[in-house]
Each structure stands twice: as structure tokens, then as C-alpha cells.
Amino acid sequence: MAQIFHPAANPFARFSIFGAVFLAIGALWLTGAITRSAWFTRSNVARDQPVPFTHELHSGKLGLDCRYCHTSVEESPFAGLPPTQTCMNCHTQIWADAPMLEPVRQSWQTGRPIAWTRVYDLADFCAFDHSIHLRKGIGCSTCHGSVDRMPLMWQTVSLFMEWCLDCHRQPERFIRPREAVFRMDDEPPLDQPRIGRELVERYHVRPSTDCTTCHR
Amino acid sequence: MKYSKCLISLLFSLVGCHQRDMEDQPRADPLEASAFFEDGQAARPLVEGTVARGHLRVDEHLFRGRVNGAPAGTFPFQITRADLERGRERYAVFCAPCHDLVGAGQGMVVRRGYQPPPSFHIDRLRQAPIGHFFQVMTEGLGAMPSYAHQVPPHDRWRIAAYVRALQLSQHALLDDVPPQEREKLRWKP
């Protein structure tokens, strides 16, 4: 049988085998990069809400404590979102006729809750519990960022499993005194390595990385 | 035989890819919306005329701040230092936005236009029985909203205790200070 390819084509053949390997690696890297990108995890994208509720004003400028609205965050897995009644504590008098707040008044009159768009939403096969994290000295801003500077809420972390594990393996990098869990500055202090080890000792912090801790 | 095993495992792994079902499982999470119930909420309200186990509230003193119909003059449980500390924390969260941290009634929300509440340090409120504070928190009063849905009853008593402590702190005389502590109050240049 006559040769189809000229011997001069040999380098091409070698090169294309070589190239295929690179192409495969490149494709893998690209999928990795895409799934990790903010575009895919939808982090750093402010979500639209039925009412333009701002944490920047309510927590930042007015200085309301997180627990004023997220009342169950210390005692239960679920932080809770405020019922309309909580908004009406103040908005019966403040901006009582503002068109912006029409959905709130509507909800107050009909008894139908406001349908907030969820921002942080783990897959249903993961168990998460706020109360234990607060009791062991993990602050809101470690996971939710500087909420008091967000006009609309956005997600500041990927919520990947590796993000959870990153801290469960080395909690001393993030832990802070229990009194400071509601403080909003998320930069750890300069002597975090020392403070961190001390607090891990004091609070007996031993986060588990067993699969069944989070997948039950 | 070998091929069919391969095929089966391949099928299983394909099924594994069908992950959305696991991410959003057919159960109701807290506060989730529901297409099933008429009011659109997965969380069900109590059936009218029923009481959840452990939620029976017949103790007039503990839950309504009344004894024989009049505002109670005593606490329903012993107030310890820990209770006062808890009261301080809760006061700062729930009351300070309007009443401010010393109770003068000049909180952040008042400065933005809410009707100013009276100071806690007026004679009428200094003389008021402790049950009055509990009642105001529980039922609301005029422009003051009810805090019953945000603060559980025991915490409301602790806040009341802390408000009493605030009143004492703003109305203390030198004679109230134990003699061994008085030296500390002396002005030192």
C-alpha cells in the first residue's frame, strides 16, 4: 500500500499528540477556572430584592445589631429573616408613605410575607449551623463580608466545600473572641497566629472534617 | 459480561450527574415558599384554638407582668448578675436604637425622625412598678412597638431589670456607694 502521508509529516503527527495533551490539560483548567469564577458561583453580584433593603443604612449608619432582625442566629442553625412586623416597628413612622416601601405595607396589610431573594443558599445535602460557629468565635463577617457596607446583599465567598474545609482544618486563622463575633471588620489582627492558637485552646475548638459532619 | 459491568457503572455515574435533585430536595426548609398551601408558605401557622406543647402561657406574672390584674412589683424569678449582663446586651440590641444606651430617649432612630420616647430618668418611670416595663415591652404602648415577637419573656424580664439598674445609675447619691469604694470616686488631678 502506498504511503498516504509524506515522511515530512511526521513532526506534525508528534506535535499533534503533544498538543492534544496540552489541549486536554487546558480544557480541564478552563472548566476549573469557570466553576471557581465569580460568574459561576454568583459571588460579588448584588441580588435584586422586592424592596431595596440596605444593610449599609440599617446596620452601618443606624448601627442596628444583626440580632435585632436575625433573632435566632445565636440559638439555632437558621439565622432567620425578619418578619414584616420587624420592619413596621420603625416604618410606621419613618418613611411611612414612601413608594419604595409599598411592598412592605402591602405585606403588613395582607399578612403575606415579603418574598426575599435568597443570597446564601447551600445545597440541601449540606448541614450548616450558625449557633455553633458563633459560640466558637467565628464572626459574621468572616463568612458574609462587611455587610454594613452593602447597599444590596451579595455573596462574598464561593460556598464550595473546600471553603468550609479550609477553615475546619485551620480555625486558628479566623477565630476571634466571642464578644467580637458581631463586629464587622473582617481583617484579622496582626497577631492573629498567637491569638488564634490561644482562643482555639480556650474554646476547645475542634472542627471536624468527617464527611458526616456536614453530609447527614 | 465485562462490557455490561462497564455499562452499568457508566449508567450509575450518569445518574450521579443528575445532581440538581439532591441540591433542592423535596422537603421544606425554613421560610421556604410552597406551591401547595394556599398562603404560599411552607411553615404552617398553629391551628386556631390550640397550644404547642410547652407553650402554654397561663402564668400571669411571668408572661404578662401582672399580679391580680395590677402591674407586678416583683420579678417572677431571681435576678442574678448573669441575668443583668444578659439584660444589658439585649437592651443594647433591641432598645438602644430608640432609647439610646443611657435611656435618655435620643437613639439613632429618633434622630432620624421617630417620635421621641420619654427619658427613663423621670420621676413617673422611676416610681413605676417593674411589671410596667415588662408590659410595655410585651404589649407596646402608643408609639412604642411590642417586642414580644423578637424578645422571649425571660429576656424581657432581664431587660426590665437592666432598665432599673440604669435608673439607679443615673440617680445615685454618694450615700449609696459602699464606704470602702468611695475613695475611688474622689477627683484626682
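Chain letters run A, B, ... following the sequence lines, proteins first and then strands; every chain starts at 1.
Smallest separation of non-hydrogen atoms from A/Gln93 and B/Ala143: NE2-CB, 3.3 Å. Taking each heavy atom of A/Ala123 and B/Glu23 in turn, the nearest pair found is CB-CG, 3.2 Å.
Of the atoms belonging to A/Arg112, it is side-chain heavy atoms, and not backbone ones, that fall under 4.5 Å from chain B. Only the side chain of A/Phe78 comes within contact range of chain B, judged by heavy atoms closer than 4.5 Å. Heavy atoms of A/Glu179 lying under 4.5 Å from chain B are absent altogether. Neither the backbone nor the side chain of A/Pro77 has a heavy atom closer than 4.5 Å to any heavy atom of chain B. B/Arg111 does not touch chain A: none of its heavy atoms, backbone or side chain, sits under 4.5 Å away.
The neighbour count for B/His171 NE2, taken as heavy atoms of other residues, nucleotides or ligands under 6.0 Å away, does not exceed 12. Counting non-hydrogen atoms of neighbouring residues, nucleotides and ligands closer than 6.0 angstrom, the CD atom of B/Glu181 exceeds 12 such neighbours. Surrounding CH2 of A/Trp163 are more than 12 heavy atoms belonging to other residues, nucleotides or ligands, all under 6.0 Å away. More than 12 heavy atoms of other residues, nucleotides or ligands shown are found within 6.0 angstrom of CD1 on A/Ile34.
The greatest number of non-hydrogen atom pairs below 4.5 Å with chain B, out of A/Thr110, A/Asp65, A/Thr71, A/Asn89, is found for A/Asn89. Of all the listed residues (A/Thr86, A/Leu122, A/Thr92, A/Leu64), the one sharing the greatest number of non-hydrogen pairs under 4.5 Å with chain B is A/Thr86. Chosen from B/Ala96, B/Pro145, B/Ala92, the residue pairing most often with chain A at heavy-atom distances under 4.5 Å is B/Pro145.
Against chain A, no residue from residues 42-73 of chain B qualifies, as none has a non-hydrogen atom under 4.5 angstrom away.
Side-chain N or O atoms of B/Arg27 include one that pairs as donor or acceptor with a backbone N or O of A/Asp124 at under 3.5 Å.
For the atom pair CD1 of A/Ile94 and CD of B/Gln115, the computed distance is 11.5 Å after rounding to the nearest 0.5 Å. Between the CD atom in B/Gln25 and the CZ atom in A/Phe125 there is a gap of 8.0 Å [rounded to 0.5 Å]. B/Glu89 CD to A/Arg67 CZ: the interatomic distance, rounded to the nearest 0.5 Å, is 4.5 Å.
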Show, in sequence, the C-alpha distance, side-chain angles and deciding distance for B/Leu31 and A/Trp116, and conclude whether the side chain to side chain contact (heavy atoms under 4.5 Å, CB included) test is met. CA-CA 10 Å; B/Leu31 301 190; A/Trp116 300 109; over 6 Å; no

